[in-house]
There are 2 protein chains.
Amino acid sequence: MTEPIQRRARATRANLIAAAEAIVAREGFGGLRVEQVVKAAGVAKGTFFTHFADKDVLMEQLVAKRLSRLMDALQTARRPSSAKGLAATLGPVIELLTCERYVFDLVQRASLADGPIAEALSRLDIIITGWFGGLFGAPPFRTDLSPKVMAEGIRAFTLMAMARHVARPGKQTEPIKALATQVEAYLMPPE
Amino acid sequence: MTEPIQRRARATRANLIAAAEAIVAREGFGGLRVEQVVKAAGVAKGTFFTHFADKDVLMEQLVAKRLSRLMDALQTARRPSSAKGLAATLGPVIELLTCERYVFDLVQRASLADGPIAEALSRLDIIITGWFGGLFGAPPFRTDLSPKVMAEGIRAFTLMAMARHVARPGKQTEPIKALATQVEAYLMPPE
DNA sequence: AAAACGAATTGACCACGGTCAGCTTTCGGG
DNA sequence: CCCGAAAGCTGACCGTGGTCAATTCGTTTT
């Protein structure tokens with residue numbers, strides 16, 4: 001569960017993760033089966049569960065890894081100067097987290113618990129908070145709220161936009177546009 | 001799946017629902033097992049799935065029934081006159097939807113799809129929209145947004161508050177207070 | 001009333017995540 | 001080098017949701 005001690009165990013774990021990544025690349029996150037993973041890694045099923053408390057824990061790691069890469073990119077991005085720009089900046093994140101229904105559900109469950117996904121998302125909060133300047137927001141955004149509250153609001157809107165997107169397969173729900181509307185209403189109220 | 005034609009089938013379906021409600025009353029939503037339900041209703045397992053596409057469909061109906069009763073109560077409630085009042089008014093809804101992790105996850109999945117839960121929640125949107133008056137909000141709330149956008153914003157904040165509450169078993173997260181903070185920021189910006 | 005046909009029901013079966021008592025490997029100390 | 005303890009691994013087994021070919025029941029037609 002925690003980082004293994006012996007070299008053999010570390011190798012096993014790495015094999016499991018590598019096998020899982022290959023399967024995800026081929027069949028998507030939702031298509032992964034634990035039996036497949038252990039077979040590909042050449043270990044017994046029970047071994048899987050000595051390394052990961054359950055399937056979700058592994059999946060969280062895989063998703064978090066990708067999410068983390070997006071955070072690296074965002075960290076060097078320019079501070080957006082409008083609500084629309086802010087929404088657009090979040091585009092890649094939205095795309096990843098809504099690429100499959102399975103992924104979205106997983107993230108939703110994990111987004112406020114302890115774990116790598118919550119960690120990655122809190123990085124996002126920190127980045128956004130940074131964009132808003134110091135203790136309070138900075139123009140052109142409103143300046144009466146703490147960045148923490150603002151970041152949480154943005155997170156709520158983002159989740160909502162993604163949820164609608166994922167719930168309506170087929171229909172183009174334009175999550176980024178919907179997000180921009182809400183973010184603008186929230187961060188740039190009239191006057 | 002859809003309303004059965006023969007009298008016998010309608011009775012079977014009613015038995016299944018009654019059995020399920022009894023089990024939920026005893027063991028909670030998350031404790032319900034399909035095998036239990038069919039045993040209590042005196043039918044075979046396969047029968048269950050001719051009446052409900054899957055377990056979730058039944059559970060949605062049970063939760064939606066309770067939710068619907070809350071909507072009936074809300075419909076006759078007075079229009080709240082502050083953000084805090086608005087948040088408090090949503091208290092019973094929050095309480096129901098966060099009474100179990102299982103319920104919250106179910107609702108989250110169902111809240112934007114087709115089905116009884118989405119229907120009940122859209123009733124809530126209509127009620128809230130009504131509170132905001134006509135085409136736009138009404139004082140003391142901001143008046144530059146359409147009620148539809150406002151209702152969606154409130155929904156996003158509500159889900160977020162509930163998600164945090166459910167994700168932190170033990171810790172008192174005061175979802176109503178958190179919700180009030182966001183709603184106030186959103187609906188009553190300075191100036 | 002008998003035949004014919006679709007609705008409803010059945011239960012053995014499957015897929016898949018997860019468990020656990022027992023076995024094997026690794027490693028530190030004598 | 002050997003031994004004992006701890007870490008790691010195994011695979012038969014389980015619980016639970018869901019499937020489907022076969023069968024029974026109810027209704028309509030002749």
Side-chain angles (χ1 to χ4, degrees), chain A residues 1-20 23-24 26-63 100-103 105-106 109-110 113 115, chain B residues 1-20 23-24 26-63 100-103 105-106 109-110 113 115:
Chain A
M1 233 79 78
T2 63
E3 196 60 20
I5 293 174
Q6 300 180 4
R7 205 193 280 104
R8 174 179 56 145
R10 270 198 298 273
T12 301
R13 188 198 186 88
N15 285 342
L16 284 167
I17 290 176
I23 291 167
V24 167
R26 225 173 336 122
E27 325 200 10
F29 288 93
L32 181 143
R33 302 282 166 264
V34 172
E35 302 237 35
Q36 244 183 327
V37 175
V38 297
K39 197 173 153 202
V43 298
K45 204 173 185 179
T47 302
F48 181 95
F49 293 97
T50 67
H51 285 278
F52 308 99
D54 54 35
K55 185 182 160 180
D56 275 6
V57 169
L58 168 64
M59 300 313 280
E60 279 178 42
Q61 286 189 23
L62 300 188
V63 172
E100 289 178 38
R101 170 99 221 202
Y102 177 87
V103 172
D105 287 347
L106 184 80
R109 259 176 284 136
Chain B
M1 234 78 81
T2 64
E3 196 60 19
I5 293 174
Q6 299 180 2
R7 209 196 272 102
R8 174 179 55 144
R10 270 198 299 273
T12 300
R13 187 198 185 89
N15 285 342
L16 285 167
I17 291 177
I23 291 167
V24 167
R26 227 174 333 121
E27 325 202 10
F29 288 94
L32 183 142
R33 300 283 166 265
V34 173
E35 301 238 35
Q36 243 183 328
V37 175
V38 297
K39 197 172 153 200
V43 298
K45 203 171 183 181
T47 303
F48 181 95
F49 292 97
T50 66
H51 285 279
F52 308 98
D54 55 34
K55 185 182 160 181
D56 276 7
V57 169
L58 168 63
M59 300 313 280
E60 280 179 42
Q61 287 190 21
L62 300 187
V63 172
E100 290 179 38
R101 169 99 220 203
Y102 177 88
V103 172
D105 287 347
L106 184 80
R109 259 177 282 136

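Every chain is numbered from 1 and lettered A, B, ... according to where its sequence line falls, protein lines coming before strand lines.
The two residues Ala44(A) and Val38(A) make their nearest non-hydrogen contact at O-CG1, 3.8 Å. Across all non-hydrogen atoms, the minimal contact from Ala110(B) to Glu60(B) is CB-CD, 3.7 Å. Annotation for Ala19(A) and Ala40(A): closest pair CB-CB, 3.9 Å, computed over non-hydrogen atoms.
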Could you pull out every donor-acceptor pair under 3.5 Å between side chains of residues 47-54 of chain B and any protein atom, sequence neighbours left out?
unit_1   : atom_1 : unit_2   : atom_2 : d
Thr50(B) : OG1    : Thr47(B) : O      : 2.7
Asp54(B) : OD1    : Asp56(B) : N      : 3.1
Asp54(B) : OD1    : Val57(B) : N      : 3.1

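Residue pairs meeting the salt bridge (Lys or Arg N to Asp or Glu O under 4.0 Å) criterion with at least one partner in residues 33-51 of chain B, sequence neighbours excluded, are Glu35(B)-Lys45(B). Residue pairs that meet the side-chain hydrogen bond (donor to acceptor under 3.5 Å, both in side chains) test with at least one member in residues 4-18 of chain A, sequence neighbours left out, do not exist here.
Taken to the nearest 0.5 Å, the NZ atom of Lys55(B) stands 9.5 Å off from the CG atom of Leu106(B).
Considering only heavy atoms from C-beta on, Leu62(B) comes within 4.5 Å of Val24(B) through its side chain.
One axis for each end of the helix from dA1(C)-dT30(D) to dG30(C)-dC1(D), each built from five base pairs, and the angle between them comes to 10° at 10° resolution.
Atom C1' of nucleotide dC9(D) and atom CG of Asn15(A) are separated by 14 Å, given to the nearest angstrom.
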Any protein N or O atoms within reach of nucleotides 13-19 of chain D? Criterion: under 3.5 Å, listing atom names and distances.
unit_1  : atom_1 : unit_2   : atom_2 : d
dT16(D) : OP1    : Arg33(B) : NE     : 3.0
dG17(D) : OP1    : Lys55(B) : NZ     : 2.8
dG17(D) : OP2    : Val34(B) : N      : 3.1
dG17(D) : N7     : Lys45(B) : NZ     : 2.9
dG18(D) : OP2    : Lys55(B) : N      : 2.8
dG18(D) : O6     : Lys45(B) : NZ     : 3.2

Distances under 3.5 Å between protein N/O atoms and the N/O atoms of nucleotides 4-8 of chain C, please, pair by pair.
unit_1 : atom_1 : unit_2  : atom_2 : d
dA8(C) : OP1    : Ile5(B) : N      : 2.8
dA8(C) : OP1    : Gln6(B) : N      : 3.1
dA8(C) : O4'    : Arg8(B) : NH2    : 3.4

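For Glu100(A) (side chain) and Phe29(A) (main-chain N/O), a donor-acceptor pair under 3.5 Å exists by modelled atom type. The closest donor-acceptor contact from the side chain of Glu27(A) to the backbone of Leu32(A) lies at 3.5 Å or more, if one exists at all.
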